[in-house]
Amino acid sequence: MRTAVPERGTALGLVNGPVRATVRATGRYPGWAPAVAGLLVSLAVLVALWVSSHLEVDPVLHDVALFGHLASLVVGFGAVLAVDWVALLWLLRQRTLADVMVTAGNAHLPIWAGYAGLVITGMFLGPDLSSWLTWTKLALVILIGWNGVVATSLMTPLSRIVEPATVSRLCLAAGASAALSQAGWWGAMAIGFLNGR
């Protein structure tokens with residue numbers, strides 16, 4: 001039985017109806033969909049930041065949020081690592097491109113669920129808005145979100161590629177997206193560790 005890569009709306013299903021209809025009809029996302037999804041992701045992060053600056057969080061809620069934050073990191077970044085590991089095996093000719101696409105399709109939901117969990121629980125962790133490290137981390141979080149939108153929009157055209165003899169421009173774009181994702185997740189995690197000390 002052939003496993004199909006699911007055709008989904010972009011980031012967190014925020015852009016649905018017209019996008020899904022267009023993907024089904026043409027096999028690709030409309031040009032405006034990634035930009036709209038990216039703006040919605042950025043808006044969600046900025047709203048969470050605004051809410052966090054108006055919250056008084058007691059120690060118990062802070063500890064619960066910290067646990068949720070770490071759990072979301074495990075879910076989201078763990079799924080990203082799984083996809084990138086299979087992609088690395090493909091580059092080493094140990095897996096097929098179809099294997100990468102199936103893994104990416106299956107990891108789509110946990111990646112975005114982990115990302116959303118990080119943003120939501122981050123509201124209750126009292127970020128220090130006077131610190132440049134905090135602002136750097138927020139920039140990385142937004143970058144990860146935008147990059148996730150781009151990676152999602154690449155899934156449909158990538159799934160149409162027959163195993164290439166040479167790496168195509170589309171595969172290079174996907175590789176650059178994976179590298180950017182790794183840099184963003186590791187960078188945000190390192191800054192979170194430094195801020196928590």
Side-chain angles (χ1 to χ4, degrees), residues 5-20 23 29 32-55 57 60-85 102-129 133-156 174 177-178 180-193 195-196:
V5 176
E7 291 180 342
R8 301 188 184 280
T10 52
L12 299 171
L14 293 171
V15 181
N16 281 320
V19 175
R20 289 188 181 189
V23 171
Y29 290 94
W32 53 264
V36 171
L39 287 173
L40 290 172
V41 167
S42 302
L43 182 62
V45 173
L46 294 174
V47 166
L49 178 65
W50 181 84
V51 170
S52 72
S53 68
H54 291 79
L55 285 178
V57 179
V60 174
L61 181 55
H62 179 274
D63 289 346
V64 170
L66 181 59
F67 178 83
H69 204 67
L70 294 174
S72 297
L73 178 65
V74 169
V75 171
F77 192 32
V80 168
L81 288 171
V83 174
D84 290 349
W85 174 248
V102 169
T103 304
N106 290 332
H108 185 85
L109 180 59
I111 289 172
W112 282 110
Y115 183 85
L118 286 167
V119 172
I120 292 167
T121 57
M123 291 188 297
F124 303 97
L125 297 180
D128 180 7
L129 300 183
L133 279 174
T134 299
W135 288 101
T136 303
K137 180 181 177 181
L138 287 169
L140 287 173
V141 168
I142 291 174
L143 175 69
I144 291 167
W146 271 89
N147 188 63
V149 168
V150 171
T152 299
S153 69
L154 289 174
M155 283 182 63
T156 299
S177 176
L180 196 60
S181 173
Q182 287 292 319
W185 281 93
W186 283 106
M189 188 168 59
I191 291 172
F193 170 74
N195 277 345

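When reading the values below, keep in mind they use all heavy atoms of this one structure, side chains included, and skip hydrogens, waters and symmetry mates. No experiment lies behind these values; they were computed from the predicted model shown.
- With sequence neighbours excluded, the residues forming a side-chain contact (heavy atoms from CB on, under 4.5 Å) with Ala174 are Leu154, Leu158, listed by chain and number.
- Distance check: Leu73 CG to Trp185 CH2 gives 6.5 Å after rounding to the nearest 0.5 Å.
- A pairwise comparison of heavy atoms in Ala188 and Leu140 identifies N-CD1, 3.5 Å as the closest pair.
- Considering only residues two or more places apart in sequence or on other chains, Ser52 meets the side-chain hydrogen bond (donor to acceptor under 3.5 Å, both in side chains) condition with none of them.
- Looking at Phe67 and Asp63, their side chains never come closer than 4.5 Å, going by heavy atoms from C-beta outward.
- Under the side chain to side chain contact (heavy atoms under 4.5 Å, CB included) test applied with Ser181, the options Ile111, Val80, Val150, Leu143 reduce to a single match, Val80.
- Side-chain atoms of His108 never come within 3.5 Å of backbone atoms of Ala104 as a donor-acceptor pair (strictly under, hydrogens ignored).
- Between the CD1 atom of Ile142 and the NZ atom of Lys137 there is a distance of 13.0 Å, given to the nearest 0.5 Å.
- Classified by interplanar angle (parallel below 30°, tilted 30° to 60°, perpendicular above 60°), the ring pair Trp112/Tyr115 is perpendicular.
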If you look only at distance, which donor and acceptor atoms sit under 3.5 Å apart when one is on a side chain in residues 118-128 and the other is two or more places apart or in another chain?
| residue | atom | partner | partner atom | Å |
| --- | --- | --- | --- | --- |
| Thr121 | OG1 | His69 | ND1 | 2.8 |
| Thr121 | OG1 | Gly117 | O | 2.7 |
| Thr121 | OG1 | Leu118 | O | 3.4 |
| Asp128 | OD1 | Ser130 | N | 3.1 |
| Asp128 | OD1 | Ser130 | OG | 2.5 |
| Asp128 | OD2 | Ser130 | OG | 3.4 |

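- Taking the six-membered ring where the residue is Trp, Trp186 and Phe77 present perpendicular rings, their angle passing 60° and hence far from 30°.
- In this structure, the side-chain contact (heavy atoms from CB on, under 4.5 Å) partners of Ala178, at least two apart in sequence or on a different chain, are Asp84.
- A search for side-chain hydrogen bond (donor to acceptor under 3.5 Å, both in side chains) contacts involving Ser177 returns Asn147, not counting sequence neighbours.
- Leu138 meets the side-chain contact (heavy atoms from CB on, under 4.5 Å) test with Val45, Leu49, Thr134, Trp135; sequence neighbours excluded.
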